[in-house]
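FYI, side chains are in, hydrogens and waters are out, and symmetry mates aren't considered; it's all heavy atoms of this structure.
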Amino acid sequence: MTTALLEALNKRRQRGETAFIPFVTLGDPTLEVTVEAVRRLVLAGADAVEIGVPYSDPLADGPTIQAASERALRGGFQLPDLFRLGPNLREVAGEVPLIAFTYANPVYRWGWEAFPRDLANSGYTGLIVPDLPMEEAGPLRDAADRSGVALVPLIAPTSHRRIRRICETARGFIYAVSSTGVTGVRQRLPEKLPRLIEDIRRYTDLPIGVGFGIGNPETAAAVAEWADAVIVGSALVRRLAAIAEDGREPQAVLDDLEVFARSLAAPLRGKEKRGDRRCE
Amino acid sequence: MTGPDERGRFGRFGGQYVPETLMSALEALEKDYWTWKDDERFCRDLDRFLADYAGRPTPLYFAERLTEYAGGAQIWLKREDLTHTGAHKINNTIGQGLLALYTGKKRVIAETGAGQHGVATATVAARLGLACTVFMGEEDIRRQALNVFRMRLLGAEVVAVSSGTGTLKDAMNEAIRHWVEHVEDSFYVLGTVGGPHPYPVMVRNFQRVIGEEAKVQLREKTGRLPDAIVACVGGGSNAMGIFYPFLDDSEVRLFGVEAAGKGLPTGLHAAALEGGEPGILHGSFTYLLQDAYGQVTPAHSISAGLDYPGVGPEHAYLHETGRVRYVGVTDDQALEAFYRLAELEGILPALESAHAVAYALELARSMDPDRVVLISLSGRGDKDVETVMRHRPDLGGDLR
């Protein structure tokens, strides 16, 4: 099944390049800052943007995104803001797809059927739910398909025999988790990562994005040798945290964010690929 | 009335809502558990540890003066407070500790609220020669300083969790995060009948010894089944343990007592079934305290062990089928029951168990003297003496 998200990532792949997918937490410290951050990230070359939905119990996230989530909730974020803000984000993002990243309980409460429908109606084209493995994803996946929203699955270094079945129902792209553990910048990535990517490629033609632990241009470049997309979250969220934590001027922080995002995107362009990759 | 199905569901509750990284580990755990649970050597080890180390069977005790005080049905206590480490938690940690050992793990991790499960895990880890790390909320560390020190004496590392509300919920988040990172060499000893499948069924099966013993003991002593069983419910492991062997005995009424904190209308409580709604927390679909948009809201209870916004999925199922009736007892009612049991029977119960005692007193009062009420006295109150002191300046307690 083809989705807007898949098309956007394939465009980059057809040029032999690697897509850049940044992540920001919605409402940290304000919704206005998030909109401006998305605008800057798109200017810096983002091929899709993940919008993190603040949640009280983010058990797949490390300290950086946990703290951002807590700040946004203290600042009054509520789930309807996600949908209300969609058109504003859509406007600054232009053609670049928006992907909502949220935990299962808020989706369940909103309704398996209603959540993807309302996402689609407010301008989002993808959805990632890190605590919804394939066994539990059925109702949401069917509803997402009906709304044309891609439910992107995660595959971990421990997935092994599960990889084939996860790929069978995957939409948009495959989110390969670089290493066991929660989100957050790591000093180095595990040597087994290329092997994981090759395992996944045996079962799918979808683009493979790698996330968790990528926080600087060097690591991004290393991952780009194998992956179709590089996902960066905590390193960006930490930069934005300077507004709330250190009281820095939002404009200055956003300038830094844009410069940093450019430095992450630069090595993903015009780089030779390794490994066997089929291109649709 | 048994479950779960092969997908880990009790009716519509349960399941496995966890990060993909853990799914293979849960599959392996399920396979290991079903392999070993009926293995002769494993069962012999388990029985030996439960008998000689934990002190089972625990006594079934007729609370004569409490019965007189209530002036109704006979009140019997299943004395889990007399086990080694002072609570039913040890039944489960021996089981899971042995499973960790049998499956070649060198290290166990656990979450704890009141500290009872943490102490029980640290104890078994010491005995079996396993490294042990326990995650505990900062707020609980403050309320249960004695148990923190006990765990450290037993050789465990205690990690303070400052995120969220700094209580059991957050300790569990952090234990799961840690497990995600160390899944290949660590065994997660989960302390209640919650979490992702197969934990709810595994923990219930390690705890059902409570009800199985009580059934035999009560038959020996009275020649009959109880008319009612009362147990406190946080996550709900002692309650599932004592209820389970009686689920098919439809004449036995079952009561799960949730912590009503300062009263359900105040919103300051931990009554997930009476005051919450269905949702997903810590790997399972169950009842939990949450707002309209699915943000988990903080629980409140005087008892750290009940201070949890969720409940085991099998309880959610038994709540919806109506087999078990869930009721609330406030902080003040639990304290009153704590005093009564101390004064009338010479037993200091855990504040968790005092919730069950409080409801059982009310229930017994409404029943005839030829009826029998069985209470799961899940733990002893030594750990709570400091908390209770703050409420008794008349006894020289400190109000600070």
Side-chain angles (χ1 to χ4, degrees), chain A residues 53-63 66-67 69-70 73 77-82 102-111 115 129-138 153-163 165-166 174-184 186 212-213, chain B residues 6-9 12 14-28 111 161-165 169-186 195-197 277-286 288-298 309-310:
Chain A
V53 179
Y55 182 52
S56 56
D57 294 76
L59 57 70
D61 283 305
Q66 281 176 50
S69 229
E70 280 187 32
L73 290 171
F77 171 87
Q78 292 203 314
L79 196 56
D81 295 333
L82 171 70
T102 176
Y103 287 85
N105 197 47
V107 180
Y108 167 75
R109 285 287 283 181
W110 194 265
F115 196 92
V129 187
D131 56 347
L132 199 67
M134 62 175 166
E135 285 83 350
E136 309 293 356
L154 287 89
I155 289 181
T158 52
S159 293
H160 307 299
R161 285 178 306 136
R162 300 168 50 80
I163 293 176
R165 276 187 299 148
I166 296 172
I174 303 283
Y175 193 136
V177 175
S178 70
S179 42
T180 60
V182 293
T183 59
R186 293 171 181 43
F212 285 41
Chain B
E6 71 282 0
R7 292 191 49 225
R9 295 275 174 169
R12 63 182 179 129
Q16 295 179 312
Y17 297 86
V18 295
E20 172 60 25
T21 306
L22 294 181
M23 290 301 290
S24 289
L26 291 174
E27 280 172 19
E111 83 295 340
V161 178
S162 59
S163 59
T165 51
K169 161 182 91 87
D170 309 288
M172 204 153 163
N173 285 337
E174 208 52 40
I176 293 173
R177 288 183 187 116
H178 185 89
W179 193 34
V180 170
E181 188 166 351
H182 301 277
V183 61
E184 298 187 72
D185 66 355
S186 300
H197 178 66
E277 292 186 66
I280 295 155
L281 180 66
H282 294 147
S284 63
F285 180 60
T286 183
L288 57 122
L289 304 179
Q290 55 184 325
D291 70 11
Y293 299 121
Q295 304 287 349
V296 182
T297 53

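- The residue among A:Thr180, A:Val177, A:Val182, A:Ile166 with the most heavy atom pairs within less than 4.5 Å of chain B is A:Thr180.
- If you measure heavy-atom distances from A:Pro130 to chain B, the contacts under 4.5 Å come from the backbone alone.
- Proximity to chain B (any heavy atom under 4.5 Å) is restricted, for A:Tyr108, to the side chain, taken from C-beta onward.
- Contacts between A:Gln66 and chain B at a heavy-atom distance below 4.5 Å involve the side chain alone, from C-beta outward.
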Trace of the side-chain contact (heavy atoms from CB on, under 4.5 Å) decision for B:Gln290 with A:Ser56: CA-CA 10 Å; B:Gln290 55 184 325; A:Ser56 56; over 6 Å; no
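- Just one residue in the list B:Glu181, B:His182, B:Glu174 forms a side chain to side chain contact (heavy atoms under 4.5 Å, CB included) with B:His178, and that residue is B:His182.
- Both the backbone and the side chain of B:Pro278 come within contact range of chain A, each with at least one heavy atom under 4.5 Å from a heavy atom of that chain.
- With sequence neighbours excluded, the residues forming a salt bridge (charged side-chain N to carboxylate O under 4.0 Å, His left out) with A:Arg109 are B:Glu277, listed by chain and number.
- B:Thr297 and B:Asp291 share no donor-acceptor pair across their side chains, judged by distance under 3.5 Å alone.
- No donor-acceptor pair closer than 3.5 Å links the side chain of B:Ser186 to the backbone N or O of B:Trp179.
- When A:Asp131, A:Asp61, A:Leu132 are compared by the number of non-hydrogen pairs under 4.5 Å with chain B, A:Asp131 comes out ahead.
- Most heavy-atom pairs under 4.5 Å with chain B: of the set A:Leu154, A:Val129, A:Val107, this distinction falls to A:Leu154.
- Checked against side-chain hydrogen bond (donor to acceptor under 3.5 Å, both in side chains), B:Glu184 has no partners two or more places apart in sequence or in another chain.
- Neither the backbone nor the side chain of A:Pro153 comes within less than 4.5 Å of any heavy atom of chain B.
- A:Thr102 is not listed as a side-chain neighbour of A:Leu82, based on a closest heavy-atom distance of 4.5 Å or more.
- In this structure, the side chains of B:Asn173 and B:Ser163 stay at 4.5 Å or more apart for every pair of heavy atoms.
- In terms of heavy-atom pairs under 4.5 Å with chain B, the best-connected choice from A:Pro63, A:Ala60, A:Ala156, A:Ala67 is A:Ala156.
- Heavy atoms closer than 4.5 Å to chain A are found in the side chain of B:Val183, but not in its backbone.
- Looking at A:Leu73, only its side chain comes within 4.5 Å of chain B, counting heavy atoms on both sides.
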